[in-house]
Amino acid sequence: MYKAFLIKYGEIGLKGNNRHLFEDALVSSVARALKKTDGDFVVTKENGRIYATAREEFDYDEVVGILQKVFGIVWICPVIQIEDNGVEDLSNKLVEYIDAAYKEKNFTFKVDARRARKNFPLNSMEINGEMGHVLLEAFPGLKVDVHNPDVLISIEIRKQINIYSKEIPGPGGMPSGVSGSAMLLLSGGIDSPVAGYMISKRGVRIHATYFHAPPYTSERAKQKVVDLAKTVSEYAGPISLNVIDFTAIQLEIYKSCPHDELTIIMRRIMMRIAEAIAKKNGCMGLVTGESIGQVASQTMHGLYCTNAVCEMPVYRPLIGFDKQEIIDVAQRIGTYETSIQPFEDCCTIFVAKHPVTKPKLDIIERDEKKLPDNIEDMINEAIETAEVIVCE
Ligand code: ATP
Ligand code: MG
């Protein structure tokens, strides 16, 4: 029955002169997301509103599901749009709408009319009264409740007339790309996909880097990361995933450095490589799935040592989350099932039995000097030979 959706946004309305940039970004995100559907949608903005109007038949549940993943959307309202053919026509269309939209006609309601065009013969109050009356006559099971109605029926008299009464929550946040871009260190674990989701919710476009260690890590492990990037991209938009062949570097660290420092030294080199690729892509920061105290390398001391190699800000959206809180988000956004597939990632193979929990930066820096002289060449080669996979 619906051919269009009225899309309401919140926060982005507040941005003063930048408002149109935010709106345009949201229009693009909505249009891009809806390309995946059959509806052949036209997305337009009009007086602080965004409309997505279908020119073809579409699957309602699929479209709503897709819109619920577009950051920046606060409410999704399936809307009936009619031409202004006078009060009687509006009454008829309203009755038809309620008849089709609600199986059980035994709810309380309130009509909330807004007249943005003053040449309509009734003012807002009069529309409320008249349409309330029409509905009570048509459906004897309905009751008016102006304070706490089950159904709020909005009628907006604009160029056309909008009728809607359902508001489906969107994900909130800000539209993709309005806040610049960042490089996500994406592993196959539970945390980093959630971190990517969280930062992109704030309008940050994400790129990703994954460190792969074949043959110690399998193709399946890499595929898992690609799958995770695809799931995150349903919210974040296309993600270009840089796959770094990390085996040679990792073996060198394993050979040359004290084993209790492996994770910290490995993480520092990962950060350097990710930062170099981030710079090439115009990113303004790095993003990880770290959370204080979760594992040995994520103590305050560990994070201090890792952070010390980075010039860019490192964003850690999960820093204060408990594991269960992270799992809850992962389940909600659909990454959890993929994350728990049992394929080794490169860290789990090279970890020490007893990693340092309180590494000291000067000691780590001293021990890194034990790496062979050509380690810088190896790092550059890893950067230059990155495989880029566009995940969408
Ligand atoms: P995750 O679930 O995100 O893997 P984790 O709890 O397993 O997190 P660690 O393995 O200590 O934590 O990794 C900390 C962070 O370092 C990860 O959240 C991720 O951002 C980054 N990271 C770890 N391993 C890799 C990898 N192989 N490729 C890319 N980034 C990685
Ligand atoms: Mg991990």
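The model shown is predicted, which means the values in this text are computed figures rather than measured ones. Start at 1 and go down the list; that is how both ligands and their atoms are numbered.
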> Among side-chain atoms of Asp150 and Thr108, is any donor-acceptor pair under 3.5 angstrom?
Replying inline: yes
>> I need the Glu368 CD to Cys305 SG distance, nearest 0.5 Å.
In response: 9.0 Å
> Heavy atom under 4.0 Å from ligand 1: found in Ser291's side chain, backbone, both, or neither?
Replying inline: neither
>> Could you tell me, atom by atom, which parts of ligand 1 come under 4.0 Å of a heavy atom of Asp191?
In response: 1 (P), 2 (O), 3 (O), 5 (P), 6 (O), 8 (O)
> Between Leu184 and ligand 1, which residue portion shows a heavy-atom distance shorter than 4.0 Å: side chain, backbone, both, or neither?
Replying inline: neither
> Phe109 vs Phe107 aromatic rings, parallel, tilted or perpendicular, using cut-offs 30° and 60°?
Replying inline: perpendicular
>> Under 4.0 Å, heavy-atom basis, I'd like to know which part of Leu186 is in contact with ligand 1: side chain, backbone, both or neither.
In response: backbone
> If we ignore angles and hydrogens, is there a donor and acceptor under 3.5 Å between the side chains of Glu96 and Asn92?
Replying inline: no
> Less than 3.5 Å between some nitrogen or oxygen of Met270 and one of ligand 1, yes or no?
Replying inline: no
> In ligand 1, which numbered atoms sit nearer than 4.0 Å to a non-hydrogen atom of Ile190?
Replying inline: 2 (O)
>> Under a 3.5 Å threshold, yes or no: a donor from one side chain and an acceptor from the other, between Gln294 and Asp322?
In response: no
> Parallel, tilted or perpendicular: which describes the rings of Tyr97 and Tyr2, with under 30° parallel and over 60° perpendicular?
Replying inline: perpendicular
>> I'd like to check which ligand 1 atoms, numbered from 1 as shown, lie under 4.0 Å from a non-hydrogen atom of Gly189.
In response: 1 (P), 2 (O), 4 (O)
> Do Arg114 and Asn128 meet the criterion of a side-chain donor-acceptor pair at a distance under 3.5 Å?
Replying inline: no
>> Regarding ligand 1, does Gly188 bring an N or O atom to under 3.5 Å of one of the ligand's N or O atoms?
In response: no
> Numbering the atoms of ligand 1 from 1, which are under 4.0 Å from a heavy atom of Ser297?
Replying inline: 11 (O)
> Near Val295, which atoms of ligand 1 are under 4.0 Å from a heavy atom of that residue?
Replying inline: 11 (O)
> Got an N/O contact under 3.5 Å between Tyr210 and ligand 1?
Replying inline: no
> What residue among Arg117, Lys159, Arg115 forms salt bridge (Lys or Arg N to Asp or Glu O under 4.0 Å) with Asp84?
Replying inline: Arg117
>> Quick check: Pro193 and ligand 1, any N/O pair under 3.5 Å apart?
In response: no
> Do any N/O atoms on Phe211 end up under 3.5 angstrom from N/O atoms on ligand 1?
Replying inline: yes
>> Geometry only, no angles: is Gln294 polar-contacting ligand 1 at N/O separations under 3.5 Å?
In response: yes
> Does His212 have a heavy atom less than 4.0 Å from any atom of ligand 1?
Replying inline: no
> So, Thr357 versus Thr299: side-chain donor-acceptor pair below 3.5 Å or not?
Replying inline: no
> Which ligand 1 atoms, with their elements, are less than 4.0 angstrom from a heavy-atom of Thr288?
Replying inline: 20 (O)
> If you count the atoms of ligand 1 from 1 in the order shown, which ones are under 4.0 Å from a heavy atom of Thr209?
Replying inline: 29 (C)
>> So, taking the atom named CD1 in Ile265 and the one named CG in Leu371, what distance separates them when rounded to the nearest 0.5 Å?
In response: 6.5 Å
> Hey, what do you get for CG (Asp245) to CE (Met378), rounding to the nearest 0.5 Å?
Replying inline: 9.5 Å
> Counting from 1, what ligand 1 atoms have a heavy atom of Glu290 closer than 4.0 Å?
Replying inline: 14 (C), 15 (C), 18 (O)
